[in-house]
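The structure follows.
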Amino acid sequence: MKIFKDIESFRDWRKSKTGTIGFAPTMGALHDGHLSLIEKSQKNCDFTVVSIFINPLQFNNIEDFKSYPDTIEEDFKLLESKKIDVVFIPSKEAMYPKSSTTIVEETKLSNNLEGESRPGHFKGVTTIVAKLFNIVQPTHAFFGEKDAQQLRIIQRMVKDLNFDIEIIPCETLREESGLAMSSRNENLSSENRQK
Ligand code: PAF
């Protein structure tokens, strides 16, 4: 498994590859839901790239950002055991240099539901996903149906900005209790988990 921490070395790897590239963008704290996206990519594509980047731009609340689970060592072990080709784990400085002033915004589907309760969240998601698409240049990208609104917005963005990428929706995986698997579940108290 190759691990790239900077954009240039990832690009060198990418230039050397032909065939299909499947991409699963993540913010780490990997669980079986992520693994199902990865397995789907491995089944359908010649190479699979997983990115891990806790994207500050999509957190409208600093406390939420600070408490987002960071399990990088476990994530690496898991990805290694799944024989992933490449993990891309850029720094915040690489993705958002101080000079950067451009964002990507979807202006309709982002306004209601989660967009209402988390102002600016989807702007952060579309910006980082567009940047990752431009760097990774996948042929296929895998997104969970759990984040249904995110999935629809990404599909819209891909159409609107003419990305030549097939977005593959992946079924929600659930814990035994029925709760949808999510990195944030780690932060739930047993009472909140029950709720
Ligand atoms: O669904 C997520 O984990 C994130 O929103 C994503 C797509 C990796 C962008 O940071």
Side-chain angles (χ1 to χ4, degrees), residues 4-5 7 10 21-41 48-62 64-72 74-76 78-79 84 86-96 100 102-106 109-110 113-115 117-138 140-158 161 163 165-174 179-188:
F4 294 111
K5 294 191 174 174
I7 297 173
F10 176 83
I21 306 273
F23 178 43
T26 81
M27 297 206 297
L30 302 179
H31 50 70
D32 286 350
H34 293 115
L35 294 185
S36 72
L37 312 186
I38 289 168
E39 279 161 16
K40 209 165 181 174
S41 171
T48 293
V49 176
V50 175
S51 66
I52 300 179
F53 181 67
I54 305 179
N55 175 31
L57 210 61
Q58 71 188 75
F59 290 82
N60 57 310
N61 172 339
I62 186 74
D64 187 26
F65 176 61
K66 281 190 191 153
S67 65
Y68 197 84
D70 180 347
T71 59
I72 196 68
E74 286 93 327
D75 292 348
F76 279 151
L78 198 60
L79 293 172
I84 287 300
V86 167
V87 183
F88 179 52
I89 173 167
S91 66
K92 186 175 153 236
E93 292 69 32
M95 295 311 282
Y96 298 117
S100 146
T102 303
I103 52 158
V104 177
E105 183 176 16
E106 188 287 325
L109 305 170
S110 303
L113 302 170
E114 207 175 353
S117 56
R118 300 177 71 192
H121 166 66
F122 286 118
K123 222 174 353 188
V125 171
T126 43
T127 299
I128 193 65
V129 172
K131 285 168 73 74
L132 289 167
F133 281 176
N134 280 328
I135 296 165
V136 175
Q137 298 184 25
H140 299 74
F142 297 79
F143 287 85
E145 286 175 342
K146 170 177 75 68
D147 300 308
Q149 193 176 8
Q150 169 173 281
L151 172 62
R152 294 304 287 268
I153 290 168
I154 299 292
Q155 287 170 324
R156 185 74 257 160
M157 178 187 80
V158 162
L161 299 185
F163 281 106
I165 299 171
E166 191 176 338
I167 301 298
I168 316 281
C170 301
E171 233 172 80
T172 303
L173 253 70
R174 294 182 184 278
L179 181 66
M181 287 184 184
S182 164
S183 306
R184 278 198 169 79
N185 291 354
E186 287 190 25
N187 291 344
L188 289 177

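In listed order, ligands and their atoms are each counted from 1.
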message: I need the atoms of ligand 1 closer than 4.0 Å to a non-hydrogen atom of Ile128, numbered in the order shown.
response: 9 (C), 10 (O)

- request: Could you tell me whether Gln150 and ligand 1 have an N or O pair separated by under 3.5 Å?
  value: yes

Distance, nearest 0.5 Å, that separates CG of Leu78 from CD1 of Ile38: 7.0 Å

- request: Examine distances only and state if a side-chain atom of Ser41 and a backbone atom of Leu37 form a donor-acceptor pair shorter than 3.5 Å.
  value: no

- prompt: Can you tell me which residue and heavy atom of the protein come closest to atom 10 (O) of ligand 1, and the distance to 0.1 Å?
  reply: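 Protein heavy atom with the smallest distance to atom 10 (O) of ligand 1: Gln58 OE1, 2.6 Å.
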
query: Which bit of Thr26 is near ligand 1, meaning a heavy atom under 4.0 Å away: side chain, backbone, both or neither?
result: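 Just the backbone.
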
- prompt: What is the closest protein heavy atom to atom 3 (O) of ligand 1, and at what distance does it sit?
  reply: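 Of the protein heavy atoms, Met27 CG, 3.9 Å lies nearest.
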
Contacts of type ring-ring contact (aromatic ring centres under 6.0 Å, His included), residue Phe133, not counting sequence neighbours: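 Per chain and number, Phe133 pairs via ring-ring contact (aromatic ring centres under 6.0 Å, His included) with Phe163.
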
query: Would a distance-only check, ignoring hydrogens and angles, find a side-chain to backbone donor-acceptor pair under 3.5 Å from Ser110 to Gly115?
result: no

Side chain to side chain donor-acceptor pair (under 3.5 Å) partners of residues 141-156, not counting sequence neighbours, each pair once: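 Side chain to side chain donor-acceptor pair (under 3.5 Å) check on residues 141-156 returns Asn112-Gln149, Arg156-Asp160.
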
